[in-house]
Amino acid sequence: MSKPQPGRGPEDPESATRAENPEEELSTDDRRISLRVKVPAVDGTAVVEMMGPAVPENGLQVFGDWVLAALEQHADGAAEAARLMIAALRERDWEGDDVLADQFDALLGSGAMPDLRPLQVDLDELAGILEGDPMYGGGCVDLATGEVWPAPAVDYAREIGQEDEDESDDPDKWLWVHCEGSRDGYRDMELFIGTVRDLGRADRLEIAISGRGAFRRFKDVLARWPGELDRWYAFSAERQRGRARAWLADAGYYVRKGLPPS
């Protein structure tokens with residue numbers, strides 16, 4: 001089935017920028033590397049060159065997917081970047097880091113390939129239906145395309161007759177996702193507060209996450225310090241992405257970034 005879309009929104013400005021100016025700077029912990037990776041863009045194929053002195057801790061999961069793509073293309077510097085990524089992921093050891101590191105090990109021939117099937121899925125979208133309000137979360141993933149369907153979109157497709165209920169329950173076509181709620185997200189806030197160096201700010205954030213409405217108050221307080229708020233968004237997204245990768249591995253799949261034919 002195709003997801004019902006009442007209307008297309010404005011074009012993703014980040015994607016458009018990438019198509020117009022395909023060079024992005026990303027980096028590793030120790031030494032400078034350079035990777036040229038073909039990636040799908042708005043208008044055809046863009047070549048992304050990644051280089052620099054240090055990958056931020058809150059970017060290992062995202063950067064790791066680019067390095068996986070580079071390895072698949074046998075790009076110059078990809079093997080060196082993968083080895084650096086393995087070391088960084090093993091040392092950090094957040095949820096999902098071991099899954100990504102194992103995948104690197106297998107591609108480099110230094111470990112066994114995990115007994116998982118490839119799935120071209122967007123981890124950020126998967127994280128969006130895995131976590132949050134159980135009343136609105138959950139959904140499924142199209143195993144043929146990797147497209148993520150939030151539960152309300154599935155219900156709407158059934159309501160208008162676009163999708164048959166029996167077919168949408170077919171485990172060979174769909175990977176169903178049960179929403180796990182916001183418990184992990186709350187834990188992320190606690191861990192983030194532990195990284196805030198200013199003790200006064202940390203104390204205010206500790207107070208903010210007490211009781212109902214903790215997530216809203218937490219962001220409201222963080223908004224006083226834009227730099228900390230940006231750091232929180234990166235921290236939170238990274239941890240959610242890792243949990244989504246771990247969940248996917250438990251379900252029997254690994255992420256394969258979509259690449260155009262060479």
Side-chain angles (χ1 to χ4, degrees), residues 12 14-15 18 24-30 33 35 37 39 48 50 52-71 81-105 119-132 137 148 177 179-197 201-202 205 209 214-215 218-219 222-223 225-251 253-257:
D12 178 5
E14 183 177 345
S15 298
R18 185 182 301 128
E24 294 181 2
E25 287 195 355
L26 295 172
S27 48
T28 67
D29 276 322
D30 298 332
I33 63 163
L35 302 174
V37 185
V39 296
V48 178
M50 295 176 278
V55 172
E57 183 180 41
N58 292 336
L60 293 178
Q61 285 281 332
V62 174
F63 186 74
D65 280 333
W66 291 115
V67 178
L68 285 175
L71 276 176
R83 284 189 286 270
L84 293 173
M85 289 295 303
I86 291 170
L89 288 162
R90 300 282 190 210
E91 181 178 359
R92 187 178 71 169
D93 196 29
W94 286 359
E95 188 171 1
D97 286 352
D98 59 335
V99 177
L100 184 53
D102 288 347
Q103 194 173 345
F104 280 127
D105 269 331
L119 186 59
Q120 192 173 309
V121 64
D122 186 309
L123 283 177
D124 294 325
E125 292 185 2
L126 177 59
I129 63 173
L130 261 177
E131 303 185 17
V148 175
V177 182
C179 181
E180 299 184 351
S182 59
R183 180 181 58 185
D184 286 329
Y186 187 87
R187 177 60 177 155
D188 288 347
M189 291 192 296
E190 294 179 318
L191 292 173
F192 180 81
I193 292 171
T195 71
V196 175
R197 295 183 179 181
R201 294 180 180 183
L205 291 170
I209 65 172
F215 287 92
F218 180 77
K219 291 180 182 178
L222 271 180
W225 315 296
E228 292 283 27
L229 182 62
D230 289 344
R231 195 168 68 85
W232 158 250
Y233 283 134
F235 178 89
S236 175
E238 179 79 354
R239 289 188 62 83
Q240 287 182 24
R241 192 178 182 87
R243 287 194 292 269
R245 194 186 300 273
W247 182 92
L248 201 64
D250 287 341
Y253 297 89
Y254 70 89
V255 178
R256 183 180 187 278
K257 196 172 186 68

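Residue numbers run from 1 in the order of the sequence given.
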Trainee: Before giving the answer on side chain to side chain contact (heavy atoms under 4.5 Å, CB included), spell out for Leu205 and Glu228 the whole-Å C-alpha distance, their side-chain angles and the decisive distance to 0.1 Å.
Mentor: CA-CA 11 Å; Leu205 291 170; Glu228 292 283 27; over 6 Å; no
Trainee: For a 4.5 angstrom cut-off between non-hydrogen side-chain atoms, does Val177 reach Trp247?
Mentor: yes
Trainee: Can you tell me how far CG of Leu84 sits from CG of Leu60, rounded to the nearest 0.5 angstrom?
Mentor: 11.0 Å
Trainee: Mind checking what makes ring pair (Phe, Tyr, Trp, His ring centres under 6.0 Å) contact with Phe218, not counting sequence neighbours?
Mentor: Trp232
Trainee: Taking side-chain contact (heavy atoms from CB on, under 4.5 Å) as the test, write out the residues that go with Ala214, two or more places apart.
Mentor: Tyr186, Met189, Ile209, Arg217
Trainee: Tell me, do Arg245 and Asp65 make a side-chain contact under 4.5 Å, heavy atoms counted?
Mentor: yes
Trainee: Taking salt bridge (charged side-chain N to carboxylate O under 4.0 Å, His left out) as the definition, give me every residue that meets it alongside Glu95, ordered by chain and number, with sequence neighbours left out.
Mentor: none
Trainee: I need the Asp105 CG to Leu89 CG distance, nearest 0.5 Å.
Mentor: 10.0 Å
Trainee: Starting from the C-alpha separation in whole Å, work towards a yes-or-no answer on side chain to side chain contact (heavy atoms under 4.5 Å, CB included) for Val121 and Val255.
Mentor: CA-CA 6 Å; Val121 64; Val255 178; 4.1 Å; yes
Trainee: Looking at CZ of Phe215 and CG of Asp188, how far apart are the two atoms once the value is rounded to the nearest 0.5 Å?
Mentor: 8.0 Å
Trainee: Measure across Val148 and Asp122 and return the closest heavy-atom pair with its distance rounded to 0.1 Å.
Mentor: CG2-O, 4.3 Å
Trainee: Tell me, do Tyr254 and Leu248 make a side-chain contact under 4.5 Å, heavy atoms counted?
Mentor: no
Trainee: One thing to verify: whether Asp97 and Arg239 come together as a salt bridge, which I'm taking to mean a side-chain N less than 4.0 angstrom from a carboxylate O.
Mentor: no
Trainee: According to side-chain contact (heavy atoms from CB on, under 4.5 Å), who are the partners of Ala127, at least two apart in sequence or on a separate chain?
Mentor: Gln240, Ala244
Trainee: With sequence neighbours excluded, what pairs up with Phe235 under the ring pair (Phe, Tyr, Trp, His ring centres under 6.0 Å) test?
Mentor: Trp94, Phe192
Trainee: The criterion is salt bridge (charged side-chain N to carboxylate O under 4.0 Å, His left out); which residues satisfy it with Asp124, sequence neighbours excluded?
Mentor: Arg241
Trainee: Look at the side chain of Gln61 and the backbone N and O of Leu100, then say whether any donor-acceptor pair between them is shorter than 3.5 Å.
Mentor: no
Trainee: Does CD in Glu91 sit with more than 12 non-hydrogen atoms of other residues, nucleotides or ligands closer than 6.0 Å?
Mentor: no
Trainee: So which of Glu180, Glu131, Glu238 actually passes side chain to side chain donor-acceptor pair (under 3.5 Å) with Arg243?
Mentor: Glu131
Trainee: From Leu191 CG over to Ser236 OG, what is the distance, rounded to the nearest 0.5 angstrom?
Mentor: 11.0 Å
